[in-house]
Protein chains: 4
Amino acid sequence: GQPLVLIAGPCVIEEESRAFEIAAYLKEMTGDLQIPLIFKASYDKANRTSIHSFRGPGIEKGLRTLERIKQELGLRILSDVHRIQDVDTAAAVLDVIQIPAFLCRQTDLILAVARTGKPVNIKKGQFLAPWDVSNIVEKIRSVGNDRVIITERGVSFGYNNLVVDFRGIGIMRNTGCPVIFDATHSVQLPGGVGAASGGQREFAPVLAKAAVAAGVDGVFLEVHTDPDNALCDGPNSLKIDTLAPLLSKLKRIREVA
Amino acid sequence: GQPLVLIAGPCVIEEESRAFEIAAYLKEMTGDLQIPLIFKASYDKANRTSIHSFRGPGIEKGLRTLERIKQELGLRILSDVHRIQDVDTAAAVLDVIQIPAFLCRQTDLILAVARTGKPVNIKKGQFLAPWDVSNIVEKIRSVGNDRVIITERGVSFGYNNLVVDFRGIGIMRNTGCPVIFDATHSVQLPGGVGAASGGQREFAPVLAKAAVAAGVDGVFLEVHTDPDNALCDGPNSLKIDTLAPLLSKLKRIREVA
Amino acid sequence: GQPLVLIAGPCVIEEESRAFEIAAYLKEMTGDLQIPLIFKASYDKANRTSIHSFRGPGIEKGLRTLERIKQELGLRILSDVHRIQDVDTAAAVLDVIQIPAFLCRQTDLILAVARTGKPVNIKKGQFLAPWDVSNIVEKIRSVGNDRVIITERGVSFGYNNLVVDFRGIGIMRNTGCPVIFDATHSVQLPGGVGAASGGQREFAPVLAKAAVAAGVDGVFLEVHTDPDNALCDGPNSLKIDTLAPLLSKLKRIREVA
Amino acid sequence: GQPLVLIAGPCVIEEESRAFEIAAYLKEMTGDLQIPLIFKASYDKANRTSIHSFRGPGIEKGLRTLERIKQELGLRILSDVHRIQDVDTAAAVLDVIQIPAFLCRQTDLILAVARTGKPVNIKKGQFLAPWDVSNIVEKIRSVGNDRVIITERGVSFGYNNLVVDFRGIGIMRNTGCPVIFDATHSVQLPGGVGAASGGQREFAPVLAKAAVAAGVDGVFLEVHTDPDNALCDGPNSLKIDTLAPLLSKLKRIREVA
């Protein structure tokens with residue numbers, strides 16, 4: 001079968017040097033493990049909990065960094081767009097364009113992204129059932145783009161908590177799209193610490209293992225060299241040097257599951 | 001105390017004549033009942049479940065209709081914006097600008113709306129706890145706009161279902177903002193009928209009564225002359241001629257609760 | 001229509017004198033307000049979170065206290081049974097026998113209670129939908145007992161939290177049974193404080209008002225002269241001297257809703 | 001490490017011959033796969049949704065069947081008790097005594113079971129958080145019984161649905177108790193088909209694989225030779241001849257996860 005894919009990187013581009021450092025590390029590690037890699041980082045966190053949160057370098061500077069990582073390291077790049085007017089600019093650099101979970105129902109944004117012809121990664125909204133995603137897939141296919149990826153990142157479970165329902169993996173794979181499991185956003189505690197989202201980094205590996213056993217096509221992991229001081233999503237990001245043993249394990253689970 | 005406010009109208013502008021008919025009916029009815037009215041209708045449903053759904057007349061034609069209703073009937077007008085580039089155009093007509101629930105975390109859109117100085121109605125996302133709303137209020141206030149309204153419309157409860165937690169009303173009123181209860185979206189069954197959202201119109205009155213008893217400052221009701229044939233949100237819209245007895249009851253509950 | 005009924009009392013019988021004090025207070029207050037009263041207290045809390053919690057005086061001593069309250073104060077008495085072997089003993093004293101929420105699916109206990117011919121109050125389990133209750137009602141009616149009361153006390157909403165879905169009131173009233181709203185257990189935070197359940201006493205009045213507006217036939221309130229030092233369910237119990245103004249309000253809401 | 005344990009059998013004893021047939025099949029299959037087996041069947045389903053449902057042969061006849069299976073096939077036997085007066089009779093036959101999920105908070109039943117000294121399998125209630133189970137474990141240990149097993153079977157997720165939160169596996173294993181995953185009750189749709197519970201048998205294997213990857217010590221599976229005609233829990237029971245390939249896979253996942 002197909003190898004397990006890894007989508008990984010820091011939540012947001014902080015300094016360019018750190019983004020490069022993480023990308024280079026991921027490249028080498030996934031090369032050793034023979035795991036296809038897509039590097040992920042956001043240039044603008046447009047939906048932070050608080051007005052006071054760090055948002056990133058912005059589209060211009062951020063895309064320049066991503067383009068350099070793409071060219072110098074030869075990596076495929078994924079990032080997310082929040083505004084229709086940014087779609088074409090982003091599409092010129094990105095290999096995969098991601099629709100954020102909160103925006104997965106915004107028809108115009110979805111169609112604008114779909115029309116670029118680039119692969120589209122739909123983050124499934126926290127408010128959606130697995131079977132609801134097929135309507136989004138259909139929106140993308142309606143303009144002739146069949147390169148759709150679905151990413152599971154948990155569903156609302158009471159207040160300030162998410163749960164992952166692994167019954168949904170097969171339901172979503174029935175659309176014909178590959179399904180990725182976002183192990184680090186799935187362990188967020190949205191809004192759980194006042195003016196920021198909390199997280200339970202310690203549960204990301206166990207959920208990633210469960211997801212691979214349940215048949216996902218890839219995993220999505222936010223990683224950082226120093227998660228406790230990350231400027232975004234630190235509480236749920238993984239320390240980068242814990243990745244290799246986890247990925248080896250995920251590969252072996254995929255082989256036998 | 002303050003009188004109970006009514007925000008009401010059709011989900012979306014269909015023919016102009018029908019929008020006028022509904023607006024005129026609401027004006028007369030609320031005049032009789034001495035209930036302050038804000039007329040609500042969308043010009044573009046940008047986040048319909050399916051690509052095949054009716055979206056409305058669009059911003060240009062839709063705002064023209066709303067402006068005529070405003071001028072000819074003397075009503076205050078509320079509508080929702082989905083894109084930053086539409087904010088100023090919409091603000092020229094609208095008395096209250098609404099942030100859709102799915103977009104309640106999009107900082108740039110919120111700030112653009114806040115900067116118009118117009119009252120902002122935040123639809124609380126289906127994925128938020130009541131206390132999470134204060135971060136959104138703070139975003140609006142950060143640019144000097146203190147005219148913020150919060151609208152409750154239910155929280156995710158399992159799949160394709162919402163529940164209203166009336167403990168949240170007081171929590172949200174503690175922000176100092178008036179809290180409106182959206183009784184018709186709260187009885188939606190999101191995505192519950194395949195390519196559209198279902199609804200339980202029959203429960204809207206009972207939840208509206210509970211909400212007024214729980215202390216909300218107003219109610220939000222989608223109404224239609226023929227809900228079963230409405231082009232959007234029919235399953236949860238109320239038939240317009242059922243409104244007067246309900247509102248009388250709500251007024252009396254407010255007086256004694 | 002029928003007057004609103006009050007079921008109230010301390011969670012558990014502590015000293016006999018305190019139970020009498022609360023019962024006498026409730027009798028006088030409801031007499032003034034012309035509200036039918038059923039006095040409620042448990043003699044054995046058989047399902048406390050922790051093995052170290054206070055359970056009560058036990059069935060023998062507890063029923064003796066309840067019988068004295070019944071005779072000396074002329075009150076109707078409700079209490080709950082947890083074991084089949086206790087049913088007949090309890091039925092000799094009680095006017096209404098309550099099936100605890102956790103036990104609402106135990107067929108033998110339900111049938112044993114139903115066969116006493118006494119009115120049966122089913123606490124709806126935290127794990128049930130409103131329409132699921134009709135199967136329990138049918139179990140009771142299957143042995144010829146048609147005196148069934150249903151009590152709503154919230155449904156599981158994520159971890160350590162409950163939410164009340166007021167759409168359910170009408171659904172349950174469609175069984176033909178009166179529906180009571182348990183305002184104090186509905187604001188429990190089950191298991192929320194380690195070895196005990198937490199509670200949000202401050203939300204009980206607002207939910208009670210919403211429930212009456214939504215059409216319940218009565219309210220159930222755990223009360224105490226000193227809730228902060230109550231031996232069971234203190235965090236969600238109401239201080240007894242706050243009851244009269246709340247009940248006046250509930251009566252007026254019922255008249256107009 | 002320890003091998004993965006299997007607890008399996010029919011939901012309820014129907015004819016004795018069928019119980020034997022299933023037990024013999026399981027014995028042979030798990031012998032081939034070198035998987036430790038505990039045979040499970042109930043003799044009385046005391047909490048069926050409807051009064052009209054099949055309950056089983058009763059304790060006397062049922063325990064006789066279980067004892068014959070134990071002696072003739074040399075299997076360890078697990079069954080559940082619902083009433084304190086049945087505990088000692090059941091303990092004379094059973095190797096593991098199970099506390100049903102709805103009864104997991106009934107202190108007296110738990111203590112009576114614990115005092116037999118037999119291993120106790122706690123089914124975690126659908127209304128409990130993973131960390132709430134430690135209070136139950138403590139109740140059992142309080143009488144000197146340290147042989148406690150915890151079984152996960154899903155948590156309430158909206159109405160008539162359960163979800164499994166695999167973050168909980170590690171939390172519950174931190175009690176020091178082995179944790180079993182009940183894959184067939186976790187795919188129940190409680191009360192979902194009117195007077196019975198529905199089920200989604202097709203999801204049991206994927207959840208079992210996820211659970212083993214997440215670190216459970218064993219799996220619990222209700223199986224039947226003809227699930228579509230089973231007298232209890234048919235919709236979520238697995239056909240017995242699908243078990244061997246699933247268990248092989250689970251063993252391999254356990255080896256690598």
Side-chain angles (χ1 to χ4, degrees), chain B residues 4 126-131 152 154-159 161-174 179 181 183-184 186-189 198-216 219 236 245-257, chain C residues 4 126-131 152 154-159 161-174 179 181 183-184 186-189 198-216 219 236 245-257:
Chain B
L4 191 76
Q126 300 87 334
F127 42 83
L128 286 190
W131 42 87
E152 167 66 33
V155 61
S156 287
F157 180 61
Y159 289 138
N161 202 2
L162 300 168
V163 70
V164 179
D165 179 2
F166 287 107
R167 294 174 300 179
I169 304 299
I171 294 170
M172 294 189 287
R173 292 188 84 242
N174 284 342
V179 172
F181 176 62
T184 48
S186 293
V187 298
Q188 271 192 329
L189 301 175
Q200 301 176 311
R201 179 192 304 157
E202 66 275 22
F203 291 122
V206 74
L207 292 188
K209 291 192 285 181
V212 172
V216 295
V219 293
N236 54 295
L246 174 61
L247 288 167
S248 304
K249 203 160 269 193
L250 297 182
K251 273 190 74 170
R252 288 198 301 269
I253 294 173
R254 183 170 177 83
E255 282 159 17
V256 302
Chain C
L4 190 77
Q126 301 88 333
F127 41 84
L128 286 190
W131 43 87
E152 167 67 32
V155 61
S156 287
F157 179 61
Y159 289 139
N161 201 2
L162 300 169
V163 70
V164 179
D165 179 3
F166 288 106
R167 294 173 301 179
I169 304 299
I171 294 170
M172 292 188 289
R173 292 187 84 244
N174 284 343
V179 172
F181 176 61
T184 47
S186 293
V187 299
Q188 271 192 329
L189 301 175
Q200 301 176 310
R201 181 192 303 158
E202 67 274 23
F203 292 122
V206 74
L207 292 188
K209 291 192 284 181
V212 172
V216 295
V219 294
N236 54 296
L246 174 60
L247 288 167
S248 302
K249 202 160 270 192
L250 297 181
K251 272 190 75 172
R252 288 198 302 268
I253 293 173
R254 182 170 178 83
E255 283 159 16
V256 301

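Reminder, nothing fancy here: chain letters follow the sequence lines and each chain counts from 1.
When each of C:A214, C:A210, C:G158 is scored by its heavy-atom pairs under 4.5 Å with chain B, the top score falls to C:A210.
For C:L250, no part lies near chain B; criterion is any non-hydrogen pair under 4.5 Å. For B:L246, no part sits under 4.5 Å from any heavy atom of chain C, backbone or side chain. Interface residue C:V155: only side-chain heavy atoms are found under 4.5 Å from chain B. Of the atoms belonging to B:I169, not a single heavy atom falls under 4.5 Å from chain C. The part of B:Q200 that comes within reach of chain C is its side chain, from C-beta onward, which places non-hydrogen atoms under 4.5 angstrom from that chain.
Of all non-hydrogen atoms in C:K209 and B:A213, the two that sit nearest each other are O-CB, 3.4 Å. The two residues B:V163 and C:V164 come nearest to each other via the heavy atoms CG2-O, 4.2 Å.
Atom CG of residue C:N161 and atom CZ of residue B:R167 lie 4.5 Å apart, to the nearest 0.5 angstrom.
Residues of residues 201-208 of chain B that come within less than 4.5 angstrom of chain C, heavy atom to heavy atom, are B:F203, B:V206, B:L207 in numerical order.
Looking at residues two or more places apart in sequence or on another chain, you find a ring pair (Phe, Tyr, Trp, His ring centres under 6.0 Å) between C:F181 and C:F166.
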